[in-house]
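I have placed the structure first, in the form of structure tokens, so that the comments after it can refer back to it.
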Amino acid sequence: MIDLKFLRENPDVVRASQKGRGEDISIVDKVLVSDEARRLAITEFEALRAEQNTLSKAVAGAKGEEKSALLERGKTLATKVKQADNTRAELEAATKELIMQLSNILDPSAPIGKEEDFVVIEHVGTPRVFDFEAKDHIELGKLLGAIDTERGAKVAGSRSYFLTGAGAMLEFALINYAITSAIKAGFIPVIPPVLVNPSAMEGTGFLGQASENVYHLERDDLYLVGTSEVSLAAFHMDEILPVEKLPIRYAGYSSCFRREAGTYGKDTRGIIRVHQFDKVEMFSFCHPDQAQEEHRRLLQWEKQILDAMELPYRVIDVASGDLGSSANRKFDIEAWIPTQKAYREVTSTSNCAEFQARRLNIRYKDESGAKTVATLNGTLVAIPRMIVAILENHQNPDGTVNIPKALQAFLGAQRFELV
RNA sequence: GGAGGAUUCGCAUAGCGGCCGAGUGCGCACGCUUGGAAAGCGUGUAUAGGGCAACCUAUCGAGGGUUCAAAUCCCUCAUCCUCCGCCA
């Protein structure tokens, strides 16, 4: 949610942002009109309410005829107050509903355009040239006894899989490596709930345009999170954080659930796009003035993981039309996937500035009072895609796979062998 | 799932339908005192909204109701605690 006061004072900035995203500009003016009416209703209600308060006090001291006259006036006033209060509540709700439709205000540095208009910030490493026919991760997964998508489908349907043997061990190693690095960087490791209530889901913005991809348990009115960002962001919901503690950084390890609605036919083979996977997510609550630097730091930590996994990758500055409503800027890291001859997203970091925290009512306090914090998130490691990248990039002609040095200590081996 | 109890200002607690936005203690901040500290004394100590100054309004778990007036009475819900049942 953007700041109503900011919008009132800078409607042009908001219009420009909406335009840059390819979203509805007219909402801005609707908000302005609604806000005007809202403020009028508030003033009216408050005047009536003040009158009622003084009258009520007068009743206490009055006697006899004077008292019954006051009571009579009080009665009519009470209905008026109630009416004014209802009008006020309606207009406040209407204004909020409108402003909630607005996306976060773009960072002016974010490239403007649609999904394909991203800007490549850098390339790291060079795609390996194979002197044999590279196998895809599905085949490698079978040869190593690491991934079983057939039984996954049998047991849980499409886009499901088992990680077995080397695959399971690889997950543990990746998680261990990621969490260990995160702790070194000052993150607090967290195992959050993956089943959350509507307020957490809504507060983080996943019930808006992303709601199609969220699993909802109707009977209990609970949601399965698509990322631990939800739980981590809501962790400090309705709290005021001391400014000297910022930034507060958490590294959440959790399963993530995604319906993948509207992706029929996309990445149907393998484990690039699945309904359930595990992920270590970085989440930072920081001072708004430091959000941009923090964003760079999150990106840095993401790059370090890719470097440690010895993978060639590129970093892209995601275009305005593909940011999602909460982010004002987003960097994706895309690893080279040899059998697809393409860079594919493996991690992503978003700066939500105060947008998400305003909804969740998370503030910090300094000398001048309480103000909204900024929130940022970034993937440290998303297991299936990282497994795909590692298997495909580090494979040998016989189907064995070399283990990146950083993981060898965790796995007690240098190679995944055939089963 | 059943029975009971609780939910008040950072924490702990007080609170008769009007004098309660709310007392007290602790904590915290500032000042006095001191060679310095502790103790002691004094002052202050929520958030949001509207005018954007004085001021006004709202908020005592959430939502509804009764009343001229609700922290205080009634209803619904949520959370926590205790006991019982069930499962681990």
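Keep in mind that the numbers below use all heavy atoms, side chains included, and drop hydrogens, waters and symmetry copies.
Taking side-chain N and O atoms only, A:Lys57 has no distance below 4.0 Å to OP1 or OP2 of B:rG18. Under 4.0 angstrom from either OP1 or OP2 of B:rU47 there lies at least one side-chain N or O belonging to A:Lys365. Close to B:rG51, at under 4.0 Å from its OP1 or OP2, lies a side-chain N or O of A:Arg39. The side chain of A:Asn53 contributes no N or O atom lying less than 4.0 Å from OP1 or OP2 of B:rC56. Applying the 4.0 Å criterion to OP1 and OP2 of B:rG64, one finds that A:Lys82 has every side-chain N and O outside that range. For B:rG50, neither phosphate oxygen OP1 nor OP2 lies less than 4.0 angstrom from any side-chain nitrogen or oxygen of A:Arg88. Residue A:Asn361 places no side-chain N or O under 4.0 Å from the OP1 or OP2 atom of B:rU47. Here A:Arg8 does not reach the OP1 or OP2 of B:rC52: none of its side-chain N or O atoms lies under 4.0 Å away.
In this structure, the nucleotide among B:rG50, B:rC68, B:rA48 sitting nearest to the side chain of A:Arg38 is B:rG50.
Using the six-membered ring where Trp is involved, A:His236 and A:Tyr250 have ring planes that are tilted, between 30° and 60° apart. Between A:Phe410 and A:Tyr177, the two ring planes are perpendicular [angle over 60°; tilted spans 30° to 60°].
A:Asp107 contributes a side-chain N or O that, together with a main-chain N or O of A:Ser109, makes up a donor-acceptor pair within less than 3.5 Å.
Using a 4.0 Å heavy-atom cutoff across all strands shown, A:Arg363 reaches sugar-phosphate atoms only and no base atom. Here A:Glu72 lies out of heavy-atom contact (under 4.0 Å) with every strand.
Side-chain atoms of A:Glu46 come within donor-acceptor range of the base of B:rG49, with a qualifying N/O pair under 3.5 Å.
Judged by closest nucleotide on RNA chain B, A:Ile240 is the one of A:Ile240 and A:Ala50 placed further toward the 5' end. Nearest-nucleotide mapping onto RNA chain B: of A:Phe45 and A:Gln52, the residue sitting toward the 5' end is A:Phe45.
Taking 4.0 Å as the cut-off between side-chain N and carboxylate O, A:Arg273 and A:Glu260 count as a salt-bridged pair.
Counting heavy atoms from C-beta outward, A:Leu7 and A:Leu102 have side chains that approach closer than 4.5 Å.
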